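In what follows, a single structure is set out as structure tokens and then discussed.
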Amino acid sequence: MKQFISFVRKEFYHVLRDRRTLLILFGMPIAQILLFGFALTNEVKDSEILVVDYAKDNASQQILTHIGASRYFKISKAALTQKEIMSTFQAGKIKAVVVIPVNFNEDLLHSNKAQIQLIADATDINTANMIINYLSAIILEYQNQINENLEIPYQIIPETRFLYNPQLKGAPGFVPGVMALVLMLVSVMMTAISIVREKETGTMEILLVSPFKPVLVIFAKAFPYLILSLINVTAILLLSVFVLDLPVKGSVPLLFAESTLFIITCLALGIFISIKTDSQQFAMLISLMGMLLPTMMFSGFLFPIENMPLPLQIISNMVPSKWYYIIVKSIMIKGLGFSSLWKETLILLGMTLFLLAISLKNFKIRLQ
Amino acid sequence: MAQGEKVIVCDKLTKRFGDFIATNEITFEVNKGEIFGFLGANGAGKTTAMRMLCGLSTPSSGKASIAGFDVYTQTEQIKRNIGYMSQKFSLYENLTVKENIEFFGGIYGLTDQQIETKTEELLNRLGLKSEAKKLVGSLPLGWKQKLSFSVAILHEPKIVFLDEPTGGVDPVTRRQFWDLIYEAAERGITIFVTTHYMDEAEYCNRISIMVDGRIEVLDSPTNLKRSFGVSSMDEVFYQLARSAKRGD
Amino acid sequence: MEAVVVQNMTKTYGKEKTLAVDNISFSVAKGELFGLIGPDGAGKTSIFRILTTLLLADSGTASVDGFDVVKDFKSIRNTVGYMPVKFSLYQDLTIEENLSFFATVFGTTIEANYDLIKDIYVQIEPFKKRRAGKLSGGMKQKLALCCALIHKPTTLFLDEPTTGVDPVSRKEFWEMLRRLKEQNITIIVSTPYMDEASLCDRIALMQGGKILSIDTPDDIVKAYREKLYAIKANEMYPLLKVLENYPGTLNSYAFGEYAHATFKDQMKNMEEFERFLAEKQLTGVEIKSIEATIEDSFIKLLH
């Protein structure tokens, strides 16, 4: 035990004395949260859109009032041909055009079905998506409103749904994402690098030729990063609550317990990488390419998984951060409890045990 | 040895890192075709001095010219007129002997014709003909070092800088290496070499010994031993370096 | 009693089965200072790693302090001290922190075995708050030795502790080893420097995974039967050429300020040789018969 403590203390010396490590450990999470929170917000504010109202009837007027009332859009009206619409886009002034066809109200009343055309400038695909989604949401809202007392509902196409983010706020999605990203980086990369560094400097040889159990060397090296990662989780949550104004809806202890599980998953991965590599650069490359990239791509944090082709969806199931992302999102934003998350937790636990098992199996008490 | 022509001229060359003076006002000259031994304990400032002479590091003060070019303003010309090898910088391990020679020949701007004759010459001289298609990584260290030296002088530079070229090499190969050095010097290439082997210091025409950033002595091995009243270079070195205040 | 016994040890690497250690046998007595002398690639590091249980040999057996390197690897790890080649400690920890960390890892304290390292430690103690990365080469080496000694090992393995170190620091290091020997610790040390060989009790001259010769330095030198001459001239390179071209020369090579040479028929006809040299217009010629050194023996074994 005394050896273990001495090991952990040494590891903290390493971390605290290296400015670069400190910066990655604590500077990065803060920078990420603030960057995503303020600079890279996905919200669309005061986007200029153009309305071409061919119907000019009761229903079209009401929809346009709704859109105009939203703080997301600044609208101007015009009567244009299809050709003129294209050239307006090319000038780059407007982000989207809403086209309401003639006889809009009548279609709605008689066939219970009407169409609205939404055209967006897709050079910026994210903004375009966002605008279309917002517009659709507003139309949907209007539709629900007029359908309230009807037996046969009116239907306005297109239809889009928003889940769990009814205020159309940009922040909630990325805090769990940043958490997954940061923990992945700290736990996988830092652990792998710090173990491989001992191989490079020759100190690993000494530690192996000592009474200290070789497996304990590895665990003693990983342990400090568990603590550092938990400090990171705390920091991110504090930032999210006090700076971004985004409270944790569910249980905080549960969130920490799940985070600890995910950190151990990552540590196991880091240990596995360190066993398989001999140079710090290589360990870093593998961690970045093999772990960080999938986290960005497949956790559902930047790109919605439902929209991916099936093979990629299957791959995404093998990325631990996807499950952690779901768990954190559920606890923080939906306020769900463990009873709704046992499945994801179990998957994560399974992955952890699997990674630990192959790490132990591959671990050698000798060189090579 | 052609007397008179100076290929290295240093005047009070100094390099400071903050308030640490790595190389302190070193002044010396090296003649064309001379084998010049540059000795000193670890941390005496040899590497820093050598980097400045190769045009890799700008001096803090003082003057120096290498093959007639100024170390402040003409580093590109310097690099074209020198060769460099060290124990660490060797050749590309995953290229063959021939590919390495061709690559470095190309780097130094030799024509294909020149590269071909040079390759032939070099392989014959080193007895590496049958190994030409082998990866450099598979050769023993001694052969690598001999090859590395030959490649460093492929473009017939005016000066070649050798940084501990024979560390860890067996005694026979070490002497073969020195044969190559002598041959190059005969052809008029100036040799500037550092070593921890004191017997190799004896093979140099003149040597300097650095202590704490300064050149403490500079003379031929025979004269140094005479003025210190000792029988081997080892003792000269020991007497000087023992007084050193700093390490690396 | 034998501290280390190696029998028919062979080690190869990789798919191509590159031979690193070629059927080697030797033993080291308790309390002996034993040297493995040879250039890079001689197989020294492989032998060290097999003996410290870090590698498995392909074939053959070895034991340290009576423990088998494969079966009893745990016991060996408890008792030996090891300083790997290129060993660099923890650069960001101070002298004191490095030492106390290794003490704890080995289940002991600095105080418990202080008497063993005292001689060496007092030299670096004034700087104990300084980080290892900021120490000079000589001081790093002393700290590394302290770390390897802190648990009072029975056998100490030092893999090229003096490589790349200047002659002054090398001399000091060997003085430390001589003093350690008095504490009855078996020391096995490897080095590419031939001049260090004479400081060992016994040495094995190695090349290409084989032991060329194994004996005390004195006996290795005595086994050099040819009469060896040291020849000096003001012009070294021409002298070497002349020696090479002299028909009676068996072997000739540079050796510091002299050239060493052996001759056919033990050089009965000295006048003829002197005449030959005089014809070649060498100046300051001096010829003397000398005792061989370890390096001469090594060169002869390589031929």
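Since this is a predicted model, take the numbers as computed values, not measurements.
- Counting heavy atoms of neighbouring residues, nucleotides and ligands inside a 6.0 Å radius, atom CZ of R51(B) does not exceed 12 of them.
- Atom CD of E286(C) sits in a crowded spot, with more than 12 heavy atoms from other residues, nucleotides or ligands closer than 6.0 Å.
- Note on ring orientation: taking the six-membered ring where Trp is involved, the planes of Y237(C) and Y182(B) are parallel (angle under 30°, cut-offs 30° and 60°).
- In plain terms, the two heavy atoms of Y203(B) and G256(C) that are nearest each other are CE2-O, 3.1 Å.
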Verdict with reasoning, D199(B) to F255(C), per side chain to side chain contact (heavy atoms under 4.5 Å, CB included) = CA-CA 7 Å; D199(B) 59 330; F255(C) 203 101; 5.6 Å; no
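- Per-residue heavy-atom pair counts under 4.5 Å with chain C were compared for V172(B), L141(B), L39(B), and the maximum is reached by V172(B).
- What you find for G168(B) and P192(C) is that their closest heavy atoms are CA-CB, 4.0 Å.
- Under the 4.0 Å criterion applied to side-chain N and carboxylate O atoms, K241(C) and E186(B) are not assigned as salt-bridge partners.
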Chi angles and distances behind the side chain to side chain contact (heavy atoms under 4.5 Å, CB included) call for M198(B), D195(C) | CA-CA 10 Å; M198(B) 282 307 126; D195(C) 55 343; over 6 Å; no
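- Enclosure of atom CZ in R225(C) is not indicated, since only 12 or fewer non-hydrogen atoms of other residues, nucleotides or ligands lie within 6.0 angstrom.
- Expressed to the nearest 0.5 Å, how far CD1 of I299(C) lies from OG1 of T173(B) amounts to 10.0 Å.
- Interface residue L302(C): only side-chain heavy atoms are found under 4.5 Å from chain B.
- No donor-acceptor pair closer than 3.5 Å links the side chain of Y253(C) to the backbone N or O of P171(B).
- Contact tally against chain B (heavy-atom pairs below 4.5 Å) for M236(C), Q207(C), K171(C): the top residue is K171(C).
- Separating the CG atom in D40(C) from the CD atom in Q145(B) is a distance of 9.0 Å, to the nearest 0.5 Å.
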Please test R174(B) against E295(C) for side chain to side chain contact (heavy atoms under 4.5 Å, CB included), starting from the C-alpha separation and ending with a verdict.
-> CA-CA 12 Å; R174(B) 215 146 62 77; E295(C) 188 153 353; 2.8 Å; yes
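- Between P167(C) and D234(B), the shortest heavy-atom distance links the atoms CB-OD1, 4.1 Å.
- Note that the OH atom of Y238(B) and the CZ atom of R170(C) stand 12.0 Å from one another [nearest 0.5 Å].
- In summary, E202(B) and K232(C) do not engage in a salt bridge, as defined by a charged side-chain N under 4.0 Å from a carboxylate O.
- The shortest heavy-atom contact between S231(B) and E257(C) is O-OE2, 3.7 Å.
- Put simply, CD on E235(C) and CG on N205(B) are 11.0 Å apart, with the number rounded to the nearest 0.5 Å.
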